[in-house]
Amino acid sequence: MDISQIIPLISSLFVVSLGTFVLARNPKSKLHLLFMFFCLCLGIWLFGTYKMFTSKTDLEAISWDRFIYVGGILLPISMYHFSIVFGRIKTQDKILYGGYLSAFAFLLLSRTDFFVKDLYRYRWGCHALAQPLHHVFLIWFWSYVFLLNRNIYRFYKTTRSAVERNQAKYIFLAFTVLFGVGACAFLPAYRIPVPPFPFFAGGLLSLILGYAIARYRLMDIHFVIRNMIVNILLMGFVGGLIWMISWLKLNSSIRLTLEMISVSLAILYVPKLKLRTEEAVNHFLYKEKYHYQKELEKFVGVLPFIPKEEDLFKEVMRVLSETIQSKKAALWVFNASMNCFMTCSQHGFQDSKFKMSCDNSLVVWLKTKREIFVKEEMEKALPQEGAKSIIGTLNALELNVCVPVMFNEDLVAILLLGEKSSGEMYSHLDLEILQSLGTQLAIALDYKRVERELKKQEFASLEAEALQQKNLELEQVLKDLKTARDQKLTYVTQMAASLAHEIRNPLQPIRTYVEVLPERASDPHFPEEMAKAVHPFLDRMEGLVNQLMHLGKISKPVLVPVDPQRLIQETLKLWEPKLKGRRVDVTKDFQQSEVLIQADKDQLSQVFFNLIKNAQEAMPQGGELFIQAKPVKKSDEEFYRILFRDSGVGMDEETQRHLFEPFYTTKKDKGTGLGLAISRQMVEAHGGKIEIDSVQGHGTTVVIDLPACCKEGKDVFLTDSDFA
């Protein structure tokens, strides 16, 4: 007996065994029952082919060929029925019933000579010759093949589940193998000899479709394609070796000996050859996929050694977004003080941050089962009443996978992932790496907790010493307060003297005009002259009083998110004419950023206004004003730094020491000396600080640092009732 004749028998046993295995997973499932029916039909076709190839007489061969058509006729209608159930189609009952009736009619007709007749023998086997009714059968056969593929395609286009889309890919791939390769077995019925390769199609189809139906930790489509390529290469190698031996013109005993040696060598060396073949296919087809899995494994190893907790959370999100490339990801960490899980890091979401109570059904499930929750698998595995709330929560957040981060018996965090950007499912290897990531993350979080407790103990041991130091500091503070009170009294005295001087200066010319008023009362031009001369002095006194009141009663700033760059631009527009008139060129260096500041827009505008005014007055002959605005980070705190630098006359060291003192000015009769004092008070009211550096003859630089903030999203507290 030729080894090639055994191939249909081996495929038959494999197909029926796989059908039995799938049915055992869920005997009550209609989809699994149909798959078993389909495997039986395919098994009948393959087993009958084996018996036909090994028949001794033509009559026996034709009898077994008629037996083959029992499976061949029921094969397309069983697959069509499978596509209806899989695609949840409810409008094709008439086509289905008509298909079963016509299949029953073809079963009866296949017993007659109008269907097949006589026998055609060729190099690799034999087949009964097709008669007129066989042509009609093939038209019917391919019609239902077209209908079942149309059902699968429509389901692929309409389903919103990534898993179901991939299942449709599996089924399409499996049927393509069957009809593209297996259907070649009909060719000998039309006197076209073919090698026995069509009988490999049954095994390949069952392998692919079996994984798709079992869904017990469904592997992604790439893994199955890889295995299919590897198996095709190996079967091609073994089949080619056997074919070459059969092609040689040797007597039957030598040929049989060589075939048996070939099979023995294949059993010994194919496993090793398979590993090498898998490595080669992985390297050339899925290089990026396996690269990211290695990157994840590498990151898991260094995870516990990241020093800061916030950096740990950010790094987890970064690695997940760059490797697994899920559209959404979040890390919820347990907060003992609030007794809930809170968002510590996330990507792909809006500004909202989530909270979830400990009695939420998702949290309870993860804490109890201590395993990864995969939404697509659990939709059918869990009872409807148990899954409704959990699936509702995940659907609302567009999440697919929940990884429990467990330390001992405690659920310390939850890692949540959405659908992959590629639309692929999470494979075995993905979930294993995520499980390892969760374990290492739990260790890292516990290490941070222990570190915090040690710091608390260290703080407690130093508390007595700290209290003693506080007493010493308190004594020093009392001394400093006394000194500050004395300095304040001196400052008030100096300020009163400066204020008296500032008011006395404009009063003197007013007094002069009032004294000469009786003497020049008859002069018709004197009142107008007096009004013109006195009015500026009165304006100066009024402005002085207003600024003094403003200095003493700066209102508490009303803080709202403000873009400082836009505020500077608006203030510059007010000064554009004067700056151009003074030949002052403005250069801006603004860094685009989402970072904002919490500020009172009116008060901050007044500060910018004063600084631009001082800069243009320091450049009477023209020059350059450079303005820079950017976020900076100092000592783990984010600030927004605003810098004004002019190329004016600058200031000496003496002037710089008195810059922020009220009424101190170098502008003689043009200034009051209150602008910078007011500006500093406003900046400090915002929690910031202002510094001035100047070199006489080389210009002045003013630096303002203000606390930064980002656009804040509101917290969303999730409960089961939100998704019921």
Side-chain angles (χ1 to χ4, degrees), residues 303-318 320 328-370 373 389-390 393-394 396-397 399 402-417 437-464 466-467 470 559 561 598 635-638 687 707-723:
L303 188 61
F305 306 105
I306 298 176
K308 295 183 180 179
E309 200 170 67
E310 56 269 22
D311 293 338
L312 176 71
F313 298 151
K314 290 178 182 177
E315 197 66 12
V316 170
M317 289 298 104
R318 183 191 67 78
L320 288 177
K328 289 187 173 185
L331 179 63
W332 295 351
V333 177
F334 179 68
N335 186 309
S337 61
M338 298 187 67
N339 195 33
C340 69
F341 288 83
M342 300 180 65
T343 303
C344 287
S345 186
Q346 62 185 22
H347 81 83
F349 290 92
Q350 299 297 328
D351 293 332
S352 299
K353 294 184 178 180
F354 303 100
K355 298 178 183 177
M356 182 168 284
S357 62
C358 292
D359 57 355
N360 183 280
S361 53
L362 174 60
V363 175
V364 173
W365 192 93
L366 293 173
K367 191 181 296 186
T368 305
K369 300 294 183 180
R370 303 167 61 85
F373 187 98
S389 179
I390 300 176
T393 301
L394 298 182
L397 299 176
L399 295 170
C402 302
V403 182
V405 180
M406 306 289 300
F407 190 82
N408 295 330
E409 299 297 322
D410 299 325
L411 181 66
V412 296
I414 305 173
L415 186 62
L416 304 110
L417 298 164
L437 176 63
T439 302
Q440 294 299 320
L441 183 57
I443 295 172
L445 289 174
D446 188 69
Y447 176 79
K448 304 301 179 194
R449 178 188 61 80
V450 172
E451 193 177 48
R452 286 194 300 270
E453 290 179 355
L454 288 174
K455 286 182 178 180
K456 288 180 181 179
Q457 292 176 4
E458 183 180 355
F459 177 78
S461 66
L462 296 174
E463 194 171 11
L467 286 174
K470 289 289 184 183
L559 302 180
Q598 291 283 358
S635 302
D636 296 330
E637 292 187 49
E638 281 195 295
C709 71
C710 296
K711 297 179 181 178
E712 293 185 358
K714 62 180 182 178
D715 286 347
V716 180
F717 201 105
L718 304 176
T719 62
D720 284 350
S721 59
D722 295 327
F723 309 100

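Note that the numbering runs from 1 along the sequence shown for the chain.
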The reported gap from CG in N339 to CZ in F334 (rounded to nearest 0.5 angstrom) is 5.0 Å
In short, Q598 meets P561 closest at the heavy-atom pair OE1-N, 3.5 Å
Heavy-atom nearest pair, P404 first then R370, reads CG-C, 4.1 Å
Q. Got a donor-acceptor contact below 3.5 angstrom from the D410 side chain to the V412 backbone?
A. no
Heavy atoms of E409 and M406 approach each other most closely as O-CE, 3.9 Å
What one should report as the nearest heavy-atom pair of S357 and C340 is CA-CB, 4.1 Å
*From CA spacing to verdict: side-chain contact (heavy atoms from CB on, under 4.5 Å), S345, V316*: CA-CA 9 Å; S345 186; V316 170; over 6 Å; no
When rounded to the nearest 0.5 Å, the distance separating CD1 of I414 from OG1 of T343 is 10.0 Å
Rounded to the nearest 0.5 Å, the CG atom of L331 sits from the CZ atom of F341 at a distance of 10.5 Å
Open item on the list: Is there a side-chain contact between V333 and V405 in this structure, where contact means two heavy atoms from C-beta onward sitting under 4.5 Å apart?
Closed with: no
Any non-hydrogen side-chain atom of V363 less than 4.5 Å from a side-chain atom of D359? no
To the nearest 0.5 Å, atom SG of C402 lies from atom CG of L366 at 6.0 Å
Distance col, row L397:CG vs M356:CE, nearest 0.5 angstrom, shows 6.5 Å
Got a sec: does the NZ of K328 have more than 12 other heavy atoms crowding it under 6.0 Å? yes
